[in-house]
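Worksheet for the structure shown next.
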2 protein chains.
Amino acid sequence: MQTTATGLTQAEETATRTDICAAPPPRHPRPDGQDRYTISEVVAFTGLTAHTLRWYERIGLMDHIDRSHTGQRRYANRDLDWLDLVGKLRLTGMPVADMVRYAQLVREGDTTYQERHELLEATRRDVLARIAELHDTLAVLDRKISFYADAQHARGTERTR
Amino acid sequence: MQTTATGLTQAEETATRTDICAAPPPRHPRPDGQDRYTISEVVAFTGLTAHTLRWYERIGLMDHIDRSHTGQRRYANRDLDWLDLVGKLRLTGMPVADMVRYAQLVREGDTTYQERHELLEATRRDVLARIAELHDTLAVLDRKISFYADAQHARGTERTR
DNA sequence: CGCTTGCTTGGAGTGCACTCCAAGGTCATA
DNA sequence: TATGACCTTGGAGTGCACTCCAAGCAAGCG
């Protein structure tokens, strides 16, 4: 129980790939109490608002969260792992509805491995495409930036944007 | 007149930096008629809707576009260049309001070079950060994908997301 | 001339992803 | 035990970036 899809903790997952800047320490040090966090602890941990956390639950983007005897939410480490994944997927621009779809597949159990696999592959392709677009954009920015840097004291007469 | 900030055409700009995949041909071959395109030509060229093009003009994201003697819009090549830049900035997640700000700076003339330079530098930093985030996300995706690939026929018992 | 297609406008509507509210119950500390 | 910070709910509201609408003008063609 309580493993991620890869059986690694989030900290381990983060530390593994080190493309471009030497791996930063996991920037979400866990509250690490007794695996039953209040909503405000999760707010501090994730940077999401309490509103958003409740909303995620309502729309089925999260399982129903454990409750204390009086009905208050108590989040577990695996909920934090899930929120971490959701945060990453959000960065890719994936619509919330698609993430809900993925969450449903997870709830449906082992029979949906194939479909989950395909969904992740498609997302991966999207991410690669978006990275390529951003590199393209970066090239344009660099070009304009160097123009403005050059022009700082030698102002040309050309029409410039 | 009619040069971009760098004095290069869009095609030249696109072809210069070749990071990751060998430079594709400029994917927006210009209508290349007489530098006076109708709105529907620009729609075909940019992929934006006519609604959006008019809206961009209304909010000040574009200069007032030239009109025919009957009042219809006639876009020039430099408008297409501008739309190309806007499209790139949009990909970075820059809010429309910020792009409007940049457009205003351009209209205000040479005295705003410094500010434009800073705005572009800040955008550049954002893009780099976003690329780094996406690499991070890619690592997570690859990890999960390989899990699902492995598990395809040998289903483990662990709780999996 | 009539028809179709395309363009014009201001203003209203849409979809997404939150974001907040009111009214009330709970928890920790003095 | 009292006080104040925290948590609960359904439903309504917000901000962004479009997106569409109705009513009407204009151009090209048989």
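A note on names: the letters A, B, ... follow the listed sequences, proteins ahead of strands, and every chain is numbered from 1. Side-chain atoms are counted along with the backbone in the values below, which use heavy atoms only and exclude waters and symmetry mates. Keep in mind that this is a model prediction, so the values were computed, not measured.
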d([atom1], [X]; [atom2], [N]) in whole Å:
| X | N | atom1 | atom2 | result |
| --- | --- | --- | --- | --- |
| B/Y37 | C/dC7 | OH | P | 16 Å |
| A/L91 | C/dA17 | CG | C1' | 15 Å |
| A/E41 | D/dC7 | CD | C1' | 13 Å |
| A/D98 | C/dC16 | CG | P | 11 Å |
| B/I59 | D/dG15 | CD1 | P | 17 Å |
| B/H64 | C/dT8 | NE2 | C1' | 15 Å |
| A/L53 | D/dT9 | CG | P | 12 Å |

So, using salt bridge (charged side-chain N to carboxylate O under 4.0 Å, His left out) as the criterion, who are the partners of [X] when residues are at least two apart?
| X | value |
| --- | --- |
| B/E57 | B/R67, B/R73 |
| B/R107 | B/D63 |
| A/R101 | A/E115 |
| B/R130 | none |

Once the angle between the rings of A/Y148 and B/Y113 is folded into 0 to 90°, is it parallel (under 30°), tilted (30 to 60°) or perpendicular (over 60°)?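 A/Y148 and B/Y113: perpendicular rings.
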Smallest separation among heavy atoms of A/L48 and A/T52, with atom names: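 Shortest heavy-atom contact: CD2-CG2, 4.2 Å.
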Reading nucleotides 18-30 of chain C 5' to 3', which nucleotides get B (base under 4.0 Å from a protein heavy atom), which S (sugar-phosphate only), which -? BBB-----SS---
Could you list the residues that satisfy side-chain contact (heavy atoms from CB on, under 4.5 Å) with A/T38, not counting sequence neighbours?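 Expected list: A/S40, A/E41, A/R74.
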Contacts of type side-chain hydrogen bond (donor to acceptor under 3.5 Å, both in side chains), residue A/E108, not counting sequence neighbours: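 For A/E108, no residue satisfies side-chain hydrogen bond (donor to acceptor under 3.5 Å, both in side chains) once neighbours in sequence are set aside.
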Using the side-chain hydrogen bond (donor to acceptor under 3.5 Å, both in side chains) criterion, which residues pair with B/Q104? Sequence neighbours excluded.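 Expected list: none.
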The helix from C/dC1-D/dG30 to C/dA30-D/dT1: angle between end helix axes, five pairs per end, rounded to 10 degrees: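 Taking five pairs per end, the axes differ by 10°.
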In terms of the nearest nucleotide of DNA chain D, which residue is placed more toward the 5' end: B/A97 or A/T38?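 That would be A/T38.
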Short side-chain N/O contact to D/dC7 OP1/OP2 from A/R73, under 4.0 Å: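 Checking D/dC7 against A/R73, no side-chain N or O comes under 4.0 Å of OP1 or OP2.
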